[in-house]
Amino acid sequence: MLMIDCPWCGNRDESEFMYGGEGNIVRPQDPESISDDSWSDYLFMRKNTKGLYMEQWLHSYGCRRWFLAERETVSYEILNTHKIGEINPESKS
Amino acid sequence: MSEIPTAKSSIEKELNSIPTFNTLNESSVFISEKRFKDHINLRLDISDDGNVDALGNILGVEVPIEPNTVNINGEVSVLWLGPDEWLILTTECYPNSMLDRLSKGLIGKVASIVDMSGGQTVINLDGPNSMNLLAKGCTLDLHPRVFGDGKCAQTIIAKTGVIIRKIDNSPSYDLIVRRSYADYLVLWIKDAAREYGLSLAK
Amino acid sequence: MRGAYRLNSGGRLDRDRPLEFTFNGRIYSGYVGDTLASALLANGVRLVGRSFKYHRPRGIVGSGSEEPNALVQLGKNPRTSPNQIATQIELYDGLSASSVNCWPSVKFDIRSLTGMFSSLLPPGFYYKTFMWPRFLWGLYELILRRSGGYGVAPDMKDPDRYDKINAHCDVLIVGSGPAGLSAAVEAGRTGARVILVDEQAEFGGSILNANENYHKSHGMNWVSSILDELKLMPEVTLLPRSTAFGYYDHNFVGVLERVTDHSSISDGLSPRQRIWRVRAKEVVLATGSIERPLVFQNNDRPGVMLASSVSAYINRYAVKLGSSAVVFTNNDSAYSSVLDLLSSGVDVAGVIDPRPKPNGTLPNIVRSHGVPIFDSSVIVDVKGSKNIRAVELMNIDYDSKKIYGKSHKLRCDLVAVSGGWNPTVHLHSQSGGTLRYDVSKSCFVPGINSQNEQSVGSCNGTFDLKECIDDGIKAGSRAAYATGFGVGEWSENTACTDFQTEDPLCPMWKVPSSGNESKWTKQFVDFQTDTSSSDIYIAAREGYESIQHVKRYTTLGMGNDQGKLGNINGIGILADALGQDISDIGTTTFRPNYTPISYGALAGPDKGILFDPVRKTAIHEWHEAAGAKFENVGQWKRPWFYPRGREFMEEAVERECLAVRESVGVLDASTLGKIDIKGPNATDFLERVYTNSWRKLQVGQCRYGLMLGEDGMVMDDGVTAKLEDDHYLMHTTSSGAGNVMNWLELWLQTEWPDLNVYLTSVTDQWATIQINGPNSRNLLSKICEGIDLTNDAFPYMAVRRGVVAGVQARIFRVSFVGELSYEINVNADYGLHLWESVIGAGKNYGITPFGTEAMHLLRAEKGYVIVGQDTDGSMTPSDLGMNWIITKRKDDFLGKRSLSREDSIRTDRKQLVGLITEDPSTVIPEGSQVISSSSGSVPVPMLGHITSSYMSPTLGHSIALGFVEGGHSKLGEKVYVSINDSKVISAFISNPVFYDPQGKRQDV
């Protein structure tokens, strides 16, 4: 059971949160102008890193804020959490 | 036309099955339903100083900026729920409708003022074992060093979301729970309190 | 009263409180302070069970959680528990236990005959023998399971209560021996919040079992003084009878407290057991170590015991274990057991030690008592079956580890063995910490930590008492300091200041055989699974190299003791068989739970009505009183139908449907998800999340919307009403409300921070009552004030505010059943009042409350899908025949791009159709497969499936909705629905709207 540091509420038990998969994925600006392949890449392809992974979590039973967490996928250690907008997303595609 | 109806509690029936007083048992936890006049969910952008001032004037108290804290002024309590979200509770003694005052006072502001008075209720737990009872279903650290007076938190008790508000160090807690889950929460409290005893506070 | 083998004095027993108990049907006595094991030994009961595979007689070996043999069936149905460890059961009055795994009795077990054929049961025997022919495996398994097995599960409902509690602390200390107690008091003095847990009833750990002086006073006096101090510390929680069973991520530790297990009387209020879910900032593991047995021929005979346990039974439980003992040890620690044996009046016939001339402090004291020490010697056999008669000794060469010379016998009835000590590294290992083999100590010790944890004392390979206490003090101070308490300095060790001199241990994983090691022997490595040393040699010979594979092949360590005694010996033996270093073999994975946990404790209070929350609407008690049958929708209980008298479901539903079509019916729709949307960009927001256009919607109007995932598949639907220019109320499905809210917030918060919109869930705020049917306007007009209800003033798909039954209300003219309908929202506090008012006002119209079943049927007649019933996350709006709801005027909305993906525009996608059976009275079972022909060879190509199916009372024939490949172009075609191999139903594909296709009835 993880202990997650919500950027607003502080350390809370994992059960209060909802996992949102890889974080910082940017929706293409003009979806109609890109190929099926590029769109599929945005839709389905995720990094699934062994090591440090940028994830998005929702403090669903707390302040209802989405935020980003840098989690080490081997040790499950969470190194940092960030409010949305605190760090620049990498552009996908 | 029908007469003016009375508001109906969602947990009256379940609470009424609890004995009212048990002086024999010192470990007993006391439970009661607290009725509030207003339950208002307020959303407002406070990066605008004008908004903060306008709000403070209406409420008679500043909204808490520090997460998970409560600001109180007499009959009005303001609970932090998020960086731009608060729960405003006024007691039955509060003379006006806060909902009206906010709606009128914040005209022209980008705000969301939502009446929650029928959608949630408040259960109070009191007594030396009330912290232990909550700990059975709540993963928060409730130690007074961590969760002292004036603190509140949105969290989970057993299997339902709640807002816990520390009232004092007897210890006493208000649990603000969604209406549809309130019945379940009372059932859970009754079960969890068995080793301490549970009395309906009058 | 006292057992025949009870010493006259000593022990930590309350001799004023005798207890009576039953074992295998016989009545015995013991004292408060006894375990079941100690009481049995005090009564001379040595034979406690039969082994798992060969049904060999077995006795008590250990004195704690490591005990492999003394498993008992404890208590009677419904409180009976199988496989309870006798060494961990505190004795109470009236306790009743029996041996497991023996039939018909422990003294005469028919299946012990298998022992005679044991050489025919090599490792992997079952795999090799019973895998062919394959189809008979089920039968083999049945027979094998019956002949094996341990104990029986209760077959009645557990009457006891189990509890869970969350706890937070700065420092959690596991184990209360010298190191743990030192750490606890040191951390406690800083004011840090400390939890000290110990699996035993009393704190003290190894001190409880030993007869040692700390500073000239008995060790237990030191324990008492520490406990007195700890008890006065308000931030210290002491949990005896509590096992830390699992160490999980982020310093989360599970602890099982046995609250009332030790008592025969339950007050019915206290739980029997409680799981503590401890979140610790720092953890100090002081879990001690478990003595390693020595592996030699017939080492499993009742009467062969761990030397430390021999001491425990003497010192703690005042048991005289025999009349003449030998001690077999490869290290100095067991020499203290010699002194304990002598003090209990047991003659010690000799100490057998493979080391030449042991010369430590303790061996020399033993020598001074005149006890013969047979050095450079080992036991090569034990004589006797249910009781020991003698042991056979031979000499061993220390360097070559070969036995030589002539054997000779030594008469005895008790053998105390010690093969060294295994640090209890289970929790450290579970936490993710690594292990390292310490050659000088011949054991695995903690290596690198992965969490905020430190191991101290003998679980860290520190076996000297002074060092244990030193390390405990430091660990307690360090842990507290790390959490912000104390100043990082520690106090002096005043309890114990002397080192003892010791000779090094002589590593010995088994006593060498004179011949071939893989010839079957009775040298047992794992008592519980009957794994012998030869099994491991055979496994190695057959090519197994990984300890993980050898474990599974030989069943080493697969009992419920998880190899606490046998595993390390087994690893050592495998290293020998493979000619490798033991450090290269490594250990098997240590997994929770350290000792078995009952399902009752894991479930805790979350059972019965508390298993999952039941959500109730404000009108619930009316439904209950009306005799409604309920349906689960998510966590909600919704009225399913309201049977009258002895009506069957079909009859009730038919009556409810006809009432709606002909007069008026009322539905509690409070469970619909409701989201308040407010802000200057509210319309922009809706434009992005729905497929249709919202720009032209006027205040006071409603619109149906379809929400897609980014993959273009239908995710949710519902009606959204425009209350003000910047204010909407969105309805979602009952079960999708939470997901939709999270989804919308995701977009608002992460992708569209530019949109100024606030969302608030108001599902619980509003009670929602739908009045449906031609008489609904008449009914509403009787209780509604301030709203012109005429069709012109309040048309279809409009929303109005007014007062209904004296309560402020929002009224929506929307319909899910295709009739003139009003949906009234009031503050839920007044929901029941409104419902009763509607029922009262509707009497003249024969108002009929209806449930979800009638609602589903009525909407199916209209061809409306239910997201989640008809759809499964793989349907586009086009599949649903809903291209009309996708506006061409918007550049983008969530999911839009996916609708033009290659796969989304296939013409042979499964598409929503109606199906009308050839026989109007046949109702197709939901979930059935649609196929193209009634005959033909299997497998028949599947065209699609049925998602909704009913007998329509209004139409007089059955109707179904389903998805069929290219269905939109197959109208009128005949298809078949497969029921089973021999039966098909024929049906025609139709338009899914069966009733009032022009929608005239709702718009009057």
Side-chain angles (χ1 to χ4, degrees), chain B residues 1-10 12-13 35 39 41-45 84-85 110-121 132-143 145-146 158-161 177-185 187-188 190-197, chain C residues 161 163-168 193 235 267-271 277 279 604-606 609-618 620-621 635-636 670-671 676-680 726-727 756-767 783 785 805-807 826-834 837 840:
Chain B
M1 208 73 256
S2 51
E3 72 255 48
I4 296 166
T6 46
K8 186 153 171 24
S9 150
S10 53
E12 205 178 354
K13 199 172 138 202
R35 301 297 289 182
H39 291 241
N41 194 284
L42 176 74
R43 304 288 299 273
L44 183 73
D45 181 2
D84 59 2
E85 185 167 8
V110 177
S112 165
I113 305 150
V114 179
D115 179 13
M116 306 294 272
S117 61
Q120 59 191 31
T121 190
N132 294 333
L133 189 151
L134 285 183
K136 291 185 177 194
C138 176
T139 58
L140 280 186
D141 188 350
L142 297 167
H143 192 282
R145 280 178 188 167
V146 181
K159 296 184 178 181
T160 179
V177 61
R178 288 174 78 161
R179 178 187 195 98
S180 58
Y181 286 100
D183 195 64
Y184 160 80
L185 184 58
L187 283 173
W188 180 85
K190 285 167 79 169
D191 180 74
R194 269 174 68 173
E195 65 185 294
Y196 313 121
Chain C
R161 305 186 65 245
D163 195 34
K164 282 182 197 169
I165 194 160
N166 297 288
H168 296 258
R193 291 156 70 192
E235 299 300 341
D267 59 7
L269 301 175
S270 300
R277 309 168 82 248
R279 187 74 76 167
D606 303 327
I609 52 168
L610 298 178
F611 178 68
D612 200 37
V614 171
R615 296 180 74 178
K616 294 174 179 171
T617 75
H620 186 86
E621 60 184 82
Q635 290 175 322
W636 289 101
S670 304
T671 62
D676 186 283
I677 300 173
K678 181 78 191 299
D726 62 349
H727 193 189
N756 219 331
V757 180
Y758 294 122
L759 308 181
T760 310
S761 167
V762 289
T763 303
D764 282 49
Q765 167 66 16
W766 301 99
I783 51 171
E785 297 165 61
V807 185
V826 293
N827 179 317
D829 280 348
Y830 304 97
L832 181 60
H833 163 78
L834 175 64
S837 303

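A note on names: the letters A, B, ... follow the listed sequences, proteins ahead of strands, and every chain is numbered from 1. These numbers come from a predicted model, not from an experiment.
The side-chain hydrogen bond (donor to acceptor under 3.5 Å, both in side chains) search around Arg194(B) returns none, not counting sequence neighbours. With sequence neighbours excluded, the residues forming a side chain to side chain contact (heavy atoms under 4.5 Å, CB included) with Glu85(B) are Arg64(A), Arg65(A), Asn41(B), Arg43(B), Leu81(B), listed by chain and number.
Using a 4.5 Å heavy-atom threshold, the side chains of Asp764(C) and Gln120(B) count as separate. The closest side-chain heavy-atom distance from Tyr758(C) to Asp84(B) is below 4.5 Å. In this structure the side chain of Arg145(B) reaches within 4.5 angstrom of the side chain of Glu235(C), judged on heavy atoms. Residues Leu610(C) and Tyr184(B) are in side-chain contact: their nearest non-hydrogen atoms beyond the backbone lie under 4.5 Å apart.
Interface summary for chain B: among Val807(C), Asp726(C), Val762(C), Asp606(C), the most heavy-atom pairs under 4.5 angstrom belong to Asp606(C). The most heavy-atom pairs under 4.5 Å with chain C, out of Leu140(B), Ile113(B), Asn132(B), Leu133(B), come from Leu140(B). Taking Lys13(B), His39(B), Arg178(B) one by one and counting their heavy-atom pairs under 4.5 Å with chain C, the maximum is reached by Arg178(B). With respect to chain B, the highest number of heavy-atom pairs below 4.5 Å among His727(C), Arg279(C), Gln635(C) belongs to Gln635(C).
Between the side chains of Ser117(B) and Asp829(C), no donor-acceptor pair of N or O atoms lies under 3.5 Å.
Using a 4.5 Å cut-off between heavy atoms, Trp636(C) contacts chain B through its side chain alone, with no backbone atom that close. Interface remark: Leu834(C) contributes no atoms to any contact with chain B (heavy atom separation under 4.5 Å). Of the two parts of Ser761(C), the backbone and the side chain both hold a non-hydrogen atom closer than 4.5 Å to a non-hydrogen atom of chain B. In this structure, the portion of Leu832(C) lying under 4.5 Å from any heavy atom of chain B is its side chain and not its backbone. The contact between Val614(C) and chain B is made entirely by backbone atoms, counting heavy-atom distances below 4.5 Å.
The two residues Asn166(C) and Gly137(B) make their nearest non-hydrogen contact at ND2-C, 3.9 Å. Scanning both residues, Asp191(B) and Arg161(C), for their nearest heavy atoms gives O-NH2, 2.8 Å. In terms of heavy-atom proximity, Lys678(C) sits nearest to Ala111(B) at NZ-O, 2.8 Å. Heavy atoms only, all atoms of each residue included: Glu195(B) and Ser270(C) are closest at CB-CA, 4.2 Å. What you find for Arg179(B) and Ala618(C) is that their closest heavy atoms are NE-CB, 3.7 Å.
For the pair Lys159(B) and Phe611(C), the cation sits on the ring face: its NZ or CZ lies under 6.0 Å from the ring centre, inside 45° of the axis.
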